[in-house]
Amino acid sequence: MKTIILDDFLSDGILIEKKFRKKVADIQWNEYQNDNVLIKGCSRATIPTWAYLIITAKLVKHANNVYYGDIKSAVKIYKK
């Protein structure tokens, strides 16, 4: 299972929308083609709901399954 860690999208410890959207646009989403993907739920900062939605919207075009949470208790949020 591939994992997307939202801490990778932080700038100086916070999520800045303009920088977040730029990082999302730069991701090669086809790398997740037909994979199971976990969006890791824990972060050092508060992550707004819209950030999860943006990432999920990109993933559903490629991934077979999308999960949220951590690896031991992942919740399936999308199934192809």
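Quick note: residue numbers are just sequence positions, from 1.
- Taking every heavy atom of both residues into account, Ser11 and Lys23 meet most closely at OG-NZ, 4.1 Å.
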Less than 3.5 Å apart, which donor and acceptor atoms pair up between the side chains of residues 30-41 and the rest of the protein, not counting sequence neighbours?
{"residue": "Gln33", "atom": "OE1", "partner": "His62", "partner atom": "ND1", "Å": "3.0"}
{"residue": "Asp35", "atom": "OD2", "partner": "Lys2", "partner atom": "NZ", "Å": "2.9"}
{"residue": "Asn36", "atom": "OD1", "partner": "Asn65", "partner atom": "ND2", "Å": "2.7"}

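- By the criterion of side-chain heavy atoms lying less than 4.5 angstrom apart, applied directly or through intervening Ile, Leu, Val, Met, Phe, Trp or Tyr residues, Trp50 is grouped together with Phe9 in one hydrophobic cluster.
- The local environment of NZ in Lys80 is crowded, with over 12 non-hydrogen atoms from other residues, nucleotides or ligands closer than 6.0 Å.
- The CD1 atom of Ile77 sits 10.0 Å away from the OH atom of Tyr52 when rounded to the nearest 0.5 Å.
- Side-chain contact between Tyr78 and Tyr68 is absent, with no heavy atoms from C-beta onward closer than 4.5 Å.
- When the salt bridge (Lys or Arg N to Asp or Glu O under 4.0 Å) test is applied to Lys22, the partners found at least two apart in sequence or on another chain are Asp26.
- Listed by chain and residue number, nothing satisfies the side-chain hydrogen bond (donor to acceptor under 3.5 Å, both in side chains) test with Thr46 (two or more places apart in sequence, or in another chain).
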For this session: Take Met1 and Ile71 through the test side-chain contact (heavy atoms from CB on, under 4.5 Å) and record every step on the way to the result.
Result: CA-CA 9 Å; Met1 181 178 303; Ile71 196 73; 3.9 Å; yes
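- Here the shortest heavy-atom pairing between Ala74 and Tyr67 reads CB-CB, 3.9 Å.
- The two residues Gly13 and Ala45 make their nearest non-hydrogen contact at O-CB, 3.3 Å.
- Distance CD1/Ile14 to CG/Leu10: 8.5 Å, rounded to 0.5 Å.
- Contact between Trp29 and Ile55 at its shortest, heavy atoms only, is CH2-CG2, 4.2 Å.
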